[in-house]
Amino acid sequence: MKAYDVRGVVPDQWDESLAELFGAAFARVTGASAIVTGHDMRPSSPGLSGAFARGAAAQGVDVTEIGLCSTDQLYYASGALDLPGAMFTASHNPARYNGIKLCRAGAAPVGQDTGLAEIRGLVEKWSESGAPEPAATAGTVTRRETLDDYAAHLRSLVDLTSVRPLKVVVDAGNGMGGHTVPTVLAGLPLTVVPMYFELDGTFPHHEANPLDPANLVDLQQRVREEGADLGLAFDGDADRCFVVDERGEPVSPSVITALVASRELARNGGKGTVIHNLITSWSVPEVVEENGGTPVRTRVGHSFIKAEMATSGAIFGGEHSAHYYFRDFWNADTGMLAALHVLAALGGQQGTLSALVDQYDRYAGSGEINSTVDDQAARLAAIRAAYEGRDGITLDELDGLTVTAADWWFNVRPSNTEPLLRLNAEARDQATMARIRDEALAVIRG
């Protein structure tokens, strides 16, 4: 189990018998009388999802199965039906993997401190001592279609009916975007050029992880060939969306965060809190403040974003990883809604996407650079020692170590699962960024 979901190789690390125990444990820990489940297109997903439903139903819980769906479609169902939910997906991981993303009613996150540790404890206990006692009366398992309602909800939040005609290439990566995009974008003034819309959990064309630049190459080429206005790339479970402009150049998720933040603030009368994690660009809090909002900086990770969204009443939140969170979507992340905002912003004026986003793209960034290290704590201490006490430099440890000067900053965070340190650097110009990046890497790599 990871910090915020269940994930592993099927059937080596987990299988349908374990999925059934997870269903029973989820029922016990949430105390719910009903739940909703969904799954992606991986070959193992229907069987695992069905076993989970059986386990929950045996505990007296009524299960609504929505079948094939994106992760944000499952969040929609959890929010609209006000039920705890379970989504069977391993996102962008290779085909042999699968997992479960869990949420409480209203799409509230389930993490280590909010139920996942208890669920794990029950599954481990039952794996050793036998299955749990069933309820006196078993729950029901029924099917329900939610795709049309999910699409209608998203389209009620962003008006695309009056935009100018746009040509958009969409790379679904053989993932769940191939299921949701045709319905969400149907009937709009868009010419959609589909790429890899066939649902195939073996990912025959490329890994469904647009965060890796290698997986954007096909989309970039097709956008240029088609003379399209932009391109969209979704990950395997279609909860993240990446954007490329009319030249085929990737648009930074920080830039998309700033763009969507400005639109959400405009929708809310120029008032509201916007969450951003500490490795998004300086441009994000600047744009938020310029548009009348209040930026709030958090640690990296969806559980921190969602928790801060809930406590602050934020209208929007964005991460460098292309997760975008909306108050009007139960504080959950939906790449599809972010994509609609980009389409509406572009279609509402006559210029190109590259010209539109230029106002939000103000700094030179390194992107995330991973370094394998023998001792994470020792290398972080070495960085602190190298910068502590320098004039004009501040350090903070909200998440890893962030070093900030007047014209640049960098953050170094340890991976929770691998012996890695992750560096992100940004500066007011490319030369300064390169100098700071290389200086930090020299200390990290010893």
Side-chain angles (χ1 to χ4, degrees), residues 1 4-8 10-11 13-90 98-111 114-147 149-150 176 237 330 332:
M1 292 178 71
Y4 308 111
D5 62 13
V6 178
R7 201 172 298 190
V10 178
Q13 294 175 315
W14 73 297
D15 56 17
E16 291 181 17
S17 62
L18 267 182
E20 194 164 336
L21 295 181
F22 273 109
F26 188 58
R28 291 273 185 97
V29 170
T30 60
S33 60
I35 65 170
V36 60
T37 66
H39 64 80
D40 70 9
M41 66 292 138
R42 292 166 184 272
S44 60
S45 289
L48 293 169
S49 180
F52 184 96
R54 290 195 300 275
Q59 297 300 306
V61 174
D62 293 332
V63 182
T64 297
E65 294 184 320
I66 67 171
L68 277 169
C69 65
S70 61
T71 290
D72 64 323
Q73 188 183 335
L74 186 279
Y75 292 151
Y76 165 79
S78 173
L81 302 176
D82 199 28
L83 296 176
M87 175 67 188
F88 284 77
T89 181
N98 216 321
I100 324 172
K101 293 182 177 180
L102 300 169
C103 61
R104 294 183 184 268
V110 171
T114 52
L116 196 56
E118 292 176 73
I119 291 169
R120 176 178 185 164
L122 285 174
V123 171
E124 289 176 344
K125 183 180 78 172
W126 292 334
S127 296
E128 295 172 0
S129 62
E133 282 292 319
T137 304
T140 59
V141 180
T142 57
R143 291 299 297 265
R144 178 169 180 155
E145 294 298 325
T146 59
L147 180 57
D149 292 340
Y150 154 80
M176 292 312 303
D237 60 337
W330 301 277

Query - Arg54 backbone acceptor or donor facing Gln59 side chain under 3.5 Å - result: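 Checked: no pair found.
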Query raised in the report: Any sub-3.5 Å donor-acceptor pair from Ser129's side-chain atoms to Lys125's backbone N or O?
Result: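 Pair found, side chain donor or acceptor close to backbone of Lys125.
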For [X] against [Y], the heavy-atom pair lying closest together:
| X | Y | answer |
| --- | --- | --- |
| Tyr75 | Ala332 | CD1-CB, 3.8 Å |
| Ala34 | Pro84 | O-CD, 3.4 Å |
| Trp126 | Ala25 | CZ3-N, 3.4 Å |
| Trp330 | Ala80 | CZ2-N, 3.5 Å |
| Val61 | Ala32 | CG2-O, 3.3 Å |
| Asp40 | Ala90 | OD2-N, 3.8 Å |

Requested in this report: Using side chain to side chain donor-acceptor pair (under 3.5 Å) as the criterion, list what pairs up with Ser49, not counting sequence neighbours.
Outcome: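 Residues passing side chain to side chain donor-acceptor pair (under 3.5 Å) with Ser49: none at all.
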Query raised in the report: Any side-chain donor paired with an acceptor under 3.5 Å for Thr89 and Asn98?
Result: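 No pair is found: no donor N or O on one side chain lies under 3.5 Å from an acceptor on the other.
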Query raised in the report: What is the ring orientation for Phe52 with Phe26, classed by angle as parallel under 30°, tilted 30 to 60°, or perpendicular over 60°?
Result: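 It falls in the tilted class, 30° to 60°.
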With a cut-off of 3.5 Å and sequence neighbours excluded, list every side-chain donor-acceptor pair involving residues 62-73.
| unit_1 | atom_1 | unit_2 | atom_2 | d |
| --- | --- | --- | --- | --- |
| Asp62 | OD1 | Thr140 | N | 2.9 |
| Asp62 | OD1 | Thr140 | OG1 | 3.1 |
| Ser70 | OG | Asp72 | OD1 | 2.6 |
| Ser70 | OG | Gln73 | N | 3.1 |
| Thr71 | OG1 | Asp237 | OD2 | 2.6 |
| Asp72 | OD1 | Tyr150 | OH | 3.3 |
| Asp72 | OD2 | Tyr150 | OH | 2.7 |
| Asp72 | OD2 | Thr334 | OG1 | 2.7 |
| Gln73 | NE2 | Thr146 | OG1 | 3.1 |

Query raised in the report: Can you tell me how far CD of Glu128 sits from CD of Glu124, rounded to the nearest 0.5 angstrom?
Result: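 If I round to the nearest 0.5 Å, the distance is 7.0 Å.
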Query raised in the report: In Å, rounded to the nearest 0.5 Å, how long is the span from CZ of Arg42 to CG of Leu48?
Result: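 Answer rounded to 0.5 Å: 11.0 Å.
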Would you say that [X] contacts [Y] through its side chain, given a criterion of any heavy-atom pair below 4.5 Å between the two side chains?
| X | Y | value |
| --- | --- | --- |
| Leu74 | Phe88 | no |
| Pro109 | Cys103 | no |
| Ile119 | Arg28 | no |

Query - Under the side chain to side chain contact (heavy atoms under 4.5 Å, CB included) test, residues paired with Ser127 that sit two or more places apart - result: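 Partners of Ser127 by the side chain to side chain contact (heavy atoms under 4.5 Å, CB included) criterion, ordered by chain and then number, come out as Leu18, Leu21, Val123.
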Query raised in the report: After noting the C-alpha distance and the side-chain angles of Arg104 and Val29, does the key distance pass the side-chain contact (heavy atoms from CB on, under 4.5 Å) rule?
Result: CA-CA 10 Å; Arg104 294 183 184 268; Val29 170; 4.0 Å; yes
**Report entry** Step-by-step side-chain contact (heavy atoms from CB on, under 4.5 Å) determination, Met176 to Met41
**Finding:** CA-CA 7 Å; Met176 292 312 303; Met41 66 292 138; 3.6 Å; yes
Requested in this report: Let me see the working for Arg7 and Lys101 under side-chain contact (heavy atoms from CB on, under 4.5 Å), right down to the final yes or no.
Outcome: CA-CA 9 Å; Arg7 201 172 298 190; Lys101 293 182 177 180; 4.0 Å; yes
